[in-house]
Protein chains: 2
Amino acid sequence: MDDVENIRAFNRTVTRRLGVLNEKYLGRDRPLVESRLMFEIGVNGASVRELRARLGLDSGFSSRLLRALERKKLVSTRPAGSDGRVRIAHLTRSGLAELKRLEALSDDLARSMLAPLSPGQAQRLVGAMAEVERLLRASSIEFAPVDPRSGDAERCLRQYYAELAARFPRGFELRAEDAPVAGELAPPAGCMIVARLFGEPVGCGAIRTLAPGLGEIKRMWVSPRVRGLGVGRRLLETLEHVVCEPELRAVRLDTNASLTEALGLYRTSGYREIPRYNDNPYAQHWFEKTLVGKP
Amino acid sequence: MDDVENIRAFNRTVTRRLGVLNEKYLGRDRPLVESRLMFEIGVNGASVRELRARLGLDSGFSSRLLRALERKKLVSTRPAGSDGRVRIAHLTRSGLAELKRLEALSDDLARSMLAPLSPGQAQRLVGAMAEVERLLRASSIEFAPVDPRSGDAERCLRQYYAELAARFPRGFELRAEDAPVAGELAPPAGCMIVARLFGEPVGCGAIRTLAPGLGEIKRMWVSPRVRGLGVGRRLLETLEHVVCEPELRAVRLDTNASLTEALGLYRTSGYREIPRYNDNPYAQHWFEKTLVGKP
DNA sequence: TCCATTATCTGACTCTAGTCAGAAATTTAC
DNA sequence: GTAAATTTCTGACTAGAGTCAGATAATGGA
């Protein structure tokens, strides 16, 4: 397979070149992970658990790195107001200055890749890099079932409700009877799936059993950061084939007319519009898809 | 600058994804450098100095890695026939089997990047990766002046003469009076430049002083492995602006009609054809370019 | 209230990936 | 023939990047 050959060549060349450059620019006077950690903390700060998830670090290791940066007066941590266990790391004044310096180095690195090329080559390189970056991000997204009450599920749902409130013409307020009922969305009769990019939740979706053999898709949400990468479609396919008890022969869902990407996704994924089947006051379209058998 | 922003995003996403995958696939049961070293040795073997140059390793470190692979019976080394100092590393029978296994893992890695994508996305990813790989290779090529008698210069010239012999209709044999005269191609009156890709010589060119203020380009060669990346043009520009004593106002060169890429390069680089100016029996075209001032 | 879970931290340890100094064997230049 | 350079090797040392086993404190649910 020639594609595989191409990817191997890409892997080797890029690993070598980026390895050398990262060392040279970003790891010059400080360990590379410390630089990466400072990039992740950024100007707005981040909780330790976010940092751990994004960089894929061991909890002990990340804690020690933060202590090292604190000793250098580049970072300060304080407890999060909402949850006394969580700590938020912020860059100090000199940490922000250091981040600026790192960003300048990172820009130098980028320019050093373009400098030897002709203008035409440089333009093609940037274009191809943007495409690779986008598609590699898409290919790095992973789907996993979660407990609907877990932290990652909660984080997704908060963003989901916030988005509904922002996009529905008359806003959105979660009715008590619609609040996630843990049992419904958990096995065996249902399931909640979270999509993660480098450890961070970027989308979710759930399925529950409406009647024997009939499922309903709920709470489909994809973070704006990864829209247009086909995450919604993969999420939908994953949910349709999640094992529910009893096995599903058809799936339904409802949605609001203002969620245009979702409408398009359902229509091109084999869903056909059906009459109202529930009393959801926010729903304006109802869909159903017949499942022909599991893969 | 938006281009720089794109490259930084590329750098971060790719480093993370490839780092994780390389660890997972190729570094599973052996240090990553050992795997890389085995890839570089390949089925044909390679000298220790080649391996060091290609991977950018310290000589002590590479020697120790080879000893480790020898202890595991994966590699054997023996002196090169030509030069008693140089040693050639080969994969043993079980080393070759291990290389096959590594290549299979590397293929798995490649496929794991494509698997989550739709066929269209996969095709676009492979295309963009090939483009990035090609251009990143171009941008990784470095030019450095060398002693014309040094090993790297010799290696290039051997390949250069071999190529002339293969491409000239009636072959090529180096005349004694044309053999590299060290002084001519070395400062202050001349210079030899070698192009290197990841430490390995992939091209060369030289300039000497024909008469006060008049230079001559000699021994322009670009390895077939990097043709079409603009190496020849950059080499030529580098040579034109190398500081010679006395400073050059014009540069000449001769070439054979069978070297079509070279003819095209000279014509599009500001050289105009002039009458025969020397008695080189292999030359069929003579060119000159007026230099308008150094950058 | 109790108990399981989650988030963070500490200390002890390991392994990878090097660097550096110098020795030995060859080759090349003068 | 001798000196300088090249290639490889050995031994000693170091820094970076983690892993692992708990300890501590806060939270959420029964």
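Chain naming here is simple, since letters A, B, ... match the order of the sequence lines and numbering starts at 1 in each. Since we're looking at a predicted model, the values are computed, not measured.
- Comparing D:dG16, C:dT10, C:dG18 by their nearest atom to the side chain of A:S63 picks out C:dT10.
- Among the atoms of the strands shown, only primed sugar atoms or phosphate atoms (P, OP1, OP2) are found under 4.0 Å from some heavy atom of A:L32.
- Base contact: B:R64 has a heavy atom under 4.0 Å from a base atom.
- In terms of position on DNA chain D, the residue among A:G81 and B:V86 whose nearest nucleotide sits closer to the 5' end is B:V86.
- Regarding A:R49, its CZ atom lies at a distance of 14 Å from the P atom of C:dC9, rounded to whole Å.
- Atoms CG (B:L57) and P (C:dT19) sit 8 Å apart, rounded to a whole Å.
- Here the side chain of B:R149 is nearest to one of C:dC30, C:dA7, C:dC9, namely C:dC30.
- Atom C1' of nucleotide C:dT14 and atom CG of A:D58 are separated by 13 Å, given to the nearest angstrom.
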Task: side chain to side chain contact (heavy atoms under 4.5 Å, CB included) between A:L157 and A:C204, intermediate numbers included - done: CA-CA 8 Å; A:L157 292 175; A:C204 68; 4.2 Å; yes
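- Atom P of nucleotide C:dG18 and atom CZ of B:R52 are separated by 15 Å, given to the nearest angstrom.
- Nearest-nucleotide assignment on DNA chain D puts the 5′-proximal partner with A:S59, out of A:S59 and A:G84.
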Open item on the list: Could you walk me through whether A:R54 and A:L197 satisfy the side chain to side chain contact (heavy atoms under 4.5 Å, CB included) test, starting with their C-alpha distance in whole Å, then the side-chain angles of each, then the deciding distance to 0.1 Å, before giving a yes or no?
Closed with: CA-CA 8 Å; A:R54 285 193 224 157; A:L197 175 60; over 6 Å; no
TODO: Evaluate the criterion salt bridge (Lys or Arg N to Asp or Glu O under 4.0 Å) for residue pair B:K24 and B:D108; output intermediate values, then yes/no.
DONE: CA-CA 11 Å; B:K24 182 173 162 194; B:D108 289 348; over 6 Å; no
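- Counting to the nearest Å, the C1' atom of C:dT16 and the CG atom of B:L37 are 15 Å from each other.
- A donor-acceptor contact under 3.5 Å is formed by the side chain of B:R85 with the base of D:dT6.
- Nucleotide C:dT8 holds its C1' atom 16 Å from the CZ atom of A:F61, rounded to whole Å.
- Across all strands shown, A:G60 has heavy atoms under 4.0 Å from base atoms, whether or not it also approaches the sugar-phosphate.
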Open item on the list: One pair to check against side chain to side chain contact (heavy atoms under 4.5 Å, CB included): B:F10 and B:V132. What are the steps and the verdict?
Closed with: CA-CA 11 Å; B:F10 172 87; B:V132 169; 3.8 Å; yes
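- Between B:E154 atom CD and C:dT27 atom C1' the separation is 13 Å, expressed in whole Å.
- When the side-chain nitrogen and oxygen atoms of B:R87 are compared with OP1 and OP2 of D:dC9, one or more of them lie within a distance under 4.0 Å.
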Open item on the list: I'd like to know whether A:T15 forms a side chain to side chain contact (heavy atoms under 4.5 Å, CB included) with B:R36, so could you lay out the CA-CA distance, the side-chain angles of the two residues, the decisive distance to 0.1 Å, and finally the verdict.
Closed with: CA-CA 11 Å; A:T15 302; B:R36 285 206 246 269; 3.7 Å; yes
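- Under 4.0 angstrom from either OP1 or OP2 of D:dC9 there lies at least one side-chain N or O belonging to B:R67.
- Distance A:E23 CD to C:dG18 C1': 10 Å, rounded to the nearest Å.
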